[in-house]
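Every chain is numbered from 1 and lettered A, B, ... according to where its sequence line falls, protein lines coming before strand lines. If you're wondering where the values come from, they're calculated on a predicted model, not measured in any experiment. All heavy atoms count here, side chains included; hydrogens, waters and symmetry mates do not.
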Number of protein chains: 2
Amino acid sequence: MTINNKTNQKVTLSDVGKLAGVSAMTVSKVLRGTGRIPEETRKRVQAAANELGYVTNQLASLLAGASSNMVGVLIPTARDVVYSDILSAINAELRPAGLRTFIGESYFDPAVDYEQVSSFLSIRPAALILHGGIERKAETIKLLKKQACPVVQIWDVENTDFNINIGPSHADAGKLMAEHFLSLGLKKVGYVGAELELDICAAQRANAFEDALKAQGVDLIRCVAEDLPRQAEGGEVLTRRLLDHYPDIQGIHYLNDAMALGGMRVSYERGISVPDSLKIAGFNATSNVHSVRTKLTTINMSYLDIGTKAAKGVVSLYTGESVDRVQIEPIVLERGNTT
Amino acid sequence: MTINNKTNQKVTLSDVGKLAGVSAMTVSKVLRGTGRIPEETRKRVQAAANELGYVTNQLASLLAGASSNMVGVLIPTARDVVYSDILSAINAELRPAGLRTFIGESYFDPAVDYEQVSSFLSIRPAALILHGGIERKAETIKLLKKQACPVVQIWDVENTDFNINIGPSHADAGKLMAEHFLSLGLKKVGYVGAELELDICAAQRANAFEDALKAQGVDLIRCVAEDLPRQAEGGEVLTRRLLDHYPDIQGIHYLNDAMALGGMRVSYERGISVPDSLKIAGFNATSNVHSVRTKLTTINMSYLDIGTKAAKGVVSLYTGESVDRVQIEPIVLERGNTT
DNA sequence: CTGAAAGCGCTTACAG
DNA sequence: CTGAAAGCGCTTACAG
């Protein structure tokens, strides 16, 4: 579907000019704050523009060679606090700099990612902030190179194709949780996750978790699904499945806090005491803000900091200020009352 | 700050044309799927476009009079599940229709709202989906009228300035909760909220809640703040304040579930038994997905449905299909284990 | 200090 | 079936 909007925007620069008794050129200068224009003319033009409700047609403006102030931000989904926190921090930093953000969601789908990037590029943005953690299509990369659009990547610091790359080390996160489980003396451990084929960062964490356990002779039982939501419900289903087959499991690490909560529900309903009989740990520390009594053991980091750094990265690409091309965000293990 | 991107996009229609041995005009037709072009030419042009990595310059395209496929969606914040659910449903409906969404956040701030609307309009979108519930500036309305851009409003069905308006009746929501509290025989009731000056829909709910209680001779004690977050922390602070002054309060209705959880925490820490000694209720049913044991009494509705209807509204504005100008979303009281 | 000219990359409407 | 012309509303670079 496509929509016809030819009737829009009647007021042009020369309309304003006519009302103010000057040329379109002068109006353009006044509105952009360029050139030496007498205060008196300035005011007259401004008044005329206000009266007519003039809004610059960015389409024309950018096409003519003006500089863009639009920054496209692509996140997997706005429904995840991790990304909406990052987004929020980006906005907070970019707006005062006079930059406008346009947001898109990819749902971890490389095809949608391509479409969104292409949409963004079609309005010739100043820069793009893209999330990593997916297998981006070759066409998408090609497009980006072709347009020579500056890109800051967030969340993935392994595939560092872009100008600046900011995020946690997912391998370290997996290792950190494995060390915690090992320090508790667990011998039989499970991992629960979903959509690991799409989310390569989550897969990286799971692999590092497994490797670190194996190195100490502890085997990991994976219970994952590609078709379940990465929410509490998915966690419930998979936890039931895991406990049914391996009732003697001692600890479970989940892809995220939401799924871990699903694990908590199943434990509660089956009368399994956590952490006494079963340890449960999540990732991303997004659930504790909603807790009354349960405080999950999880891995946390400053999402706001990632967003702020990404936005600063965008600015630095133009001010010429030098910043690190790869910026690793520190992570921390928060021990709650579930391990 | 502003960014120079003059070096971008080298490949034009005529570049593709040269490679394919046809005019720019023919390329344009092939790419848009218009006109009668022999299959052989079509393929040659397509191949050339692919080879060069051509992407339509929407700036030029729209300026020349093409129809836009961009829909701007403005929500207060992506950090609230209510809005990110609506957003998600909008995307799900709009993408298959070939429309692209551009998202912005207003933070309930009328000045930011104006800026965002203005940004959206500057790229001449096909339509806009705007959240209501704030005191929109007169300039913003003026801009919208001037551009004759179709607008679907969500969340507010009281101020119905726009083409289509979709949302719950906030007055009914307040009344519904009052009736629940009355049915429990409560005589001393509190209300906890924040930023009611910005969020006029929340204010409407609070007022309706108060009015319905008063009509039955029950007084309401309001404990609100304009400078606290509408999160659990804000709920904690205000609940402490309320209970310190009115220890004999029997039930508290909160602006949202997040704040209500703050109330639950305070009750838990003070050893107040919920629901036996104190009833607690929220609004928007966003917390129960995170619960292990606590299930808040709250008011729910289908946020996905609101998003779907909003997107369908956008489409209907162009297909000419007639839809109701005001669509009231049904609400339901969900009784958990906190009242 | 001010504006006429040229051009950004497309699409519409029209001529061949 | 195909393309040369005109124009969308701006800005850049330059002349007065």
Side-chain angles (χ1 to χ4, degrees), chain A residues 2-18 20-45 48-49 52-70 121-124 146-147, chain B residues 2-18 20-45 48-49 52-70 121-124 146-147:
Chain A
T2 238
I3 286 174
N4 185 311
N5 64 343
K6 266 175 292 190
T7 52
N8 290 6
Q9 165 81 347
K10 310 268 82 153
V11 189
T12 68
L13 277 183
S14 68
D15 291 331
V16 177
K18 262 170 215 154
V22 293
S23 74
M25 195 60 264
T26 302
V27 177
S28 172
K29 279 176 183 148
V30 170
L31 264 27
R32 281 177 298 134
T34 331
R36 317 253 98 248
I37 314 270
E39 196 45 38
E40 196 272 322
T41 313
R42 209 166 208 72
K43 276 186 182 151
R44 218 170 57 237
V45 169
L52 296 176
Y54 175 81
V55 189
T56 302
N57 184 332
Q58 293 250 48
L59 267 22
S61 166
L62 294 177
L63 185 59
S67 302
S68 176
N69 69 344
M70 299 189 273
L121 289 177
S122 77
I123 58 165
R124 305 294 178 266
K146 207 86 192 180
Q147 306 278 332
Chain B
T2 238
I3 286 172
N4 188 311
N5 65 342
K6 265 175 288 188
T7 52
N8 289 5
Q9 164 81 350
K10 309 268 82 152
V11 189
T12 68
L13 277 183
S14 68
D15 291 331
V16 177
K18 261 171 216 151
V22 294
S23 73
M25 194 61 262
T26 302
V27 178
S28 171
K29 279 175 184 151
V30 170
L31 265 27
R32 282 178 297 134
T34 332
R36 317 250 99 250
I37 314 270
E39 196 46 37
E40 196 272 322
T41 313
R42 207 166 211 78
K43 275 186 181 150
R44 219 170 56 240
V45 168
L52 296 176
Y54 175 80
V55 190
T56 301
N57 183 332
Q58 293 250 47
L59 267 22
S61 167
L62 294 178
L63 185 59
S67 302
S68 175
N69 69 343
M70 299 189 273
L121 290 177
S122 77
I123 58 165
R124 305 293 179 267
K146 207 87 192 180
Q147 306 278 332

Practice item. Tell me whether the OP1 or OP2 atom of D:dT11 has a side-chain N or O from A:Ser28 closer than 4.0 Å. Key: yes
Point to revise | Within-4.5 Å side-chain heavy-atom neighbours: A:Asn57 and B:Leu63 | key: yes
Review point. Tell me: CZ of A:Arg32 to P of D:dG9, nearest whole Å?
Key: 17 Å
Practice item. Tell me which nucleotide among D:dT2, C:dG9, D:dC10 gets nearest to the side chain of A:Leu63. Key: C:dG9
Review point. Do B:Lys29 and B:Val45 touch side chain to side chain, with heavy atoms closer than 4.5 Å?
Key: no
Practice item. Figure out the CG/P separation between B:Leu121 and D:dC10, and round it to whole Å. Key: 14 Å
Point to revise | Distance, rounded to the nearest Å, where A:Leu31 contributes CG and D:dC10 contributes P | key: 9 Å
Practice item. Report which part of the nucleic acid B:Ile37 touches: base, sugar-phosphate, or nothing (heavy-atom distance under 4.0 Å, all strands). Key: sugar-phosphate
Check your understanding: So does B:Ser23 get a side-chain nitrogen or oxygen closer than 4.0 Å to the phosphate oxygens (OP1/OP2) of D:dT2?
Key -> no
Revision key, fill the gap. Ranking C:dC10, C:dA5, D:dT2 by distance to the side chain of B:Lys29, first place goes to D:dT2
Study note, to complete from the structure: Whichever of B:Ala60 and B:Thr26 has the more 5' nearest nucleotide on DNA chain D, that residue is B:Thr26
Review point. Do the non-hydrogen side-chain atoms of B:Thr56 and B:Arg32 ever get within less than 4.5 Å of each other?
Key: no
Check your understanding: Which one, D:dC10, C:dC10, C:dT12, comes nearest to the side chain of B:Ser61?
Key -> C:dC10
Revision key, fill the gap. Note: for B:Pro38 and B:Ala64 on DNA chain D, the residue whose nearest nucleotide lies more 5' is B:Pro38
Point to revise | Non-hydrogen side-chain atoms of B:Ile37 and B:Thr26 separated by less than 4.5 Å | key: yes
Point to revise | A:Gln58 CD - D:dT11 C1' separation (whole Å) | key: 13 Å
Review point. Can you tell which of C:dA13, C:dT2, D:dT11 lies closest to the side chain of B:Met25?
Key: C:dA13
Point to revise | Rounded interatomic separation in angstrom, taking CZ from B:Arg124 and C1' from C:dT11 | key: 17 Å
Exercise for review: Give the rounded distance in Å between these two atoms: NZ of A:Lys18 and P of C:dG3.
Suggested key: 14 Å
Review point. Got A:Tyr54 and A:Val27 here, is their nearest side-chain heavy-atom distance under 4.5 Å?
Key: no
Revision key, fill the gap. Pairing partner of C:dA15, by Watson-Crick or G-U wobble and under 3.5 Å for both distances, is D:dT2
Review point. CG of B:Leu13 versus P of C:dC8: gap in Å, rounded?
Key: 13 Å
Review point. Rounding to a whole Å, what distance do you find between B:Asn57:CG and D:dC8:P?
Key: 18 Å
